[in-house]
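Just below is one structure, and these are the notes that go with it.
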Amino acid sequence: MEIKAPRGTRDILGEEVALWQYLEEVVRRNAHLFGYEEIRTPVFEHTELFARGVGEETDIVQKEMYTFTDKGGRSITLRPEGTAPVVRAYLEHGFFVRDPRVRWYYLGPMFRYERPQAGRMRQFHQFGFEALGFQDPACDAEIILLAWTIYRELGLSDLSLELNSIGCPLCKPHYVRRLREYLESRKDVLCENCKRRLVENPLRVLDCKNETCQAVFREASFPSIQDFLCTECRRHEERLFSLLTRLGIPFVVNPRLVRGLDYYTRTVFEVKVHTLGAQDAIGGGGRYDGLARVLGGPEVPGVGFAAGMERIVLLLERSGFPRKDAFRVYLAPQDEEGEKDLLALSQVLHEAGIPFCLDFASKNLRYHLKRAQKMGVRFVVIAGEEERKNEGFSLKDLASGEQMLLSREELLGRLRKEREAC
RNA sequence: GUGAGCGUAGCUCAACUGGUCAGAGCACUGGACUGUGGAUCCAGGUGUUGGGGGUUCAAGUCCCCUCGCUCACCCCA
């Protein structure tokens, strides 16, 4: 086979589809219950949206974007994340004057050019929520509660919620300055990567998993962002903590959690799972009060969350997602007349909302029964010479083996009842 | 982008140090079985051994390149 799906992409088919549909259904239902409405933004945007919205300094913009020039000479990028497009849509449609407070959710493919590995694809899927126009920390709590509710309904356990505040334009620079000074003084022991990041983006140094760097972070005099928060940021954070505690959502404060996107202010959080290997983050988000401004709009507070669906599906597969065979009826004609009768019957079944699968008359009954069984179908409707003589259909229950000759009405009644019981 | 491991049938895997090596099981298709499933038996596609080049009398096996997969780094979802 010469043509394969491009690297980092894959087909979702067979039994896995049911899992995705289930996940999507849980997301949609819970979002709806929390008052979030769906928004569908384009899969590609002007490159500038992400360059500005996500941040020039981020890995996403510097090395992970699928960018190309279209035939009109525009620089276009396949969306690497969902927040910037959502905020763009908010601004473009003038929500800030018309209806400044919105709660939206989205669901769909994202694209990042990276080396694939477990739980990381070039085309991957996220669902996410964005609440725009709310500056109250209760909104941060609501978003986290919604995410947490979904994880719980999916039956995912052993999750940890890490929380931090990275301040605002008032207090963050003080911390960054202090952090840079401190790291500067310990530069000799930092890894090469951190030395580089120290200049470009000191906050990202905190992400380093290198053991010697970690040792530096653990030093008693190492500055913590928590000690640099301004009064407003501190109040916001404390309020969020108390709300989460009230909601019974366990969390740990990780003063070194900074997250990859430039636009965050105050609250940042990440949901991790310990059983996924290196790609252990299954969701994350935070507050981005400055983003709308960066995109040329007015000051609009916002808070959001996004989760990786591939990673969740991996967990669901492992947890033995309950598979039940869908109710379906197999139609097995014995000759061309039977084929005609069953094709006509399929119209009636369709109207009654009973799923069916019609096979054709070129095969013998043995074949049909084998096939129905392999498909996991329990009921087989047979139409042939015998059935025509009695003006009805035979219904065979593959589970019990029993078979009976029924009129069309009796058959429909029986199938309706069986579907209810299913 | 960096590093490591691995590529044989749709799937799971064999083939000792280069020498009947192109195989087994599952799955698939047809038949034994013309209208009664799970079983059995028989027959059969199961394939450019990922691709290309090289060494050799001889390459699935050794060497080089390339592509892909997997894992890790990086970073994130």
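The model shown is predicted, which means the values in this text are computed figures rather than measured ones. Just so it is clear, the values below take in all heavy atoms, side chains as well, and ignore hydrogens, waters and symmetry mates.
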Measure centre to centre between the rings of A:Tyr105 and A:Phe34, then say whether the value is under 6.0 Å. no
If the C1' atom of B:rG54 is compared with that of B:rA59, how far apart are they to the nearest Å? 11 Å
Separation between the P atoms of B:rG5 and B:rG10, rounded to whole Å: 28 Å
Rounded to whole angstrom, note down the C1' distance from B:rC21 over to B:rU8. 11 Å
Are the aromatic ring centres of A:Tyr330 and A:Phe356 under 6.0 angstrom apart? no
Pairwise P distance for B:rC41 and B:rA24, with rounding to whole Å: 16 Å
C1' atom, B:rC11 versus B:rU46: distance in rounded Å? 12 Å
What pair of heavy atoms forms the shortest contact from A:Pro80 to A:Met110, and how long is it? O-CB, 4.0 Å
All heavy atoms of A:Val303 vs all of A:Tyr288, minimum pair found to be C-CE2, 3.6 Å
For RNA chain B, determine which residues of residues 104-127 of chain A have any heavy atom closer than 4.0 angstrom to one of its atoms, and list them numerically. A:Arg112, A:Glu114, A:Arg115, A:Gln117, A:Ala118, A:Gly119, A:Arg120, A:Met121, A:Phe124, A:Gln126
Shortest non-hydrogen contact from A:Arg88 to A:Pro42? NH1-CD, 3.9 Å
Could you give the distance separating B:rU12 and B:rC57 at their P atoms, to the nearest angstrom? 38 Å
Reading RNA chain B from 5' onward, which residue's closest nucleotide shows up sooner: A:Glu64 or A:Thr9? A:Thr9
For nucleotides 27-35 of chain B, just jot down a letter per nucleotide in 5' to 3' order: B, S or -, based on protein non-hydrogen atoms under 4.0 Å. -S-S--B-B
Closest of B:rG68, B:rC74, B:rC76 to the A:Lys63 side chain is B:rC74
What integer number of Å spans the P atoms of B:rG52 and B:rG1? 24 Å
Requiring both pairing distances under 3.5 angstrom, list the stems that contain RNA chain B and are made of three or more consecutive Watson-Crick or G-U pairs. B:1-7 with B:67-73, B:10-13 with B:23-26, B:28-32 with B:40-44, B:50-54 with B:62-66
If each of A:Glu402 and A:Ala307 is mapped to the nucleotide of RNA chain B with the nearest heavy atom, which maps nearer the 5' terminus, i.e. the 5' end? A:Glu402
In whole Å, what separates the C1' atom of B:rC33 from that of B:rU40? 12 Å
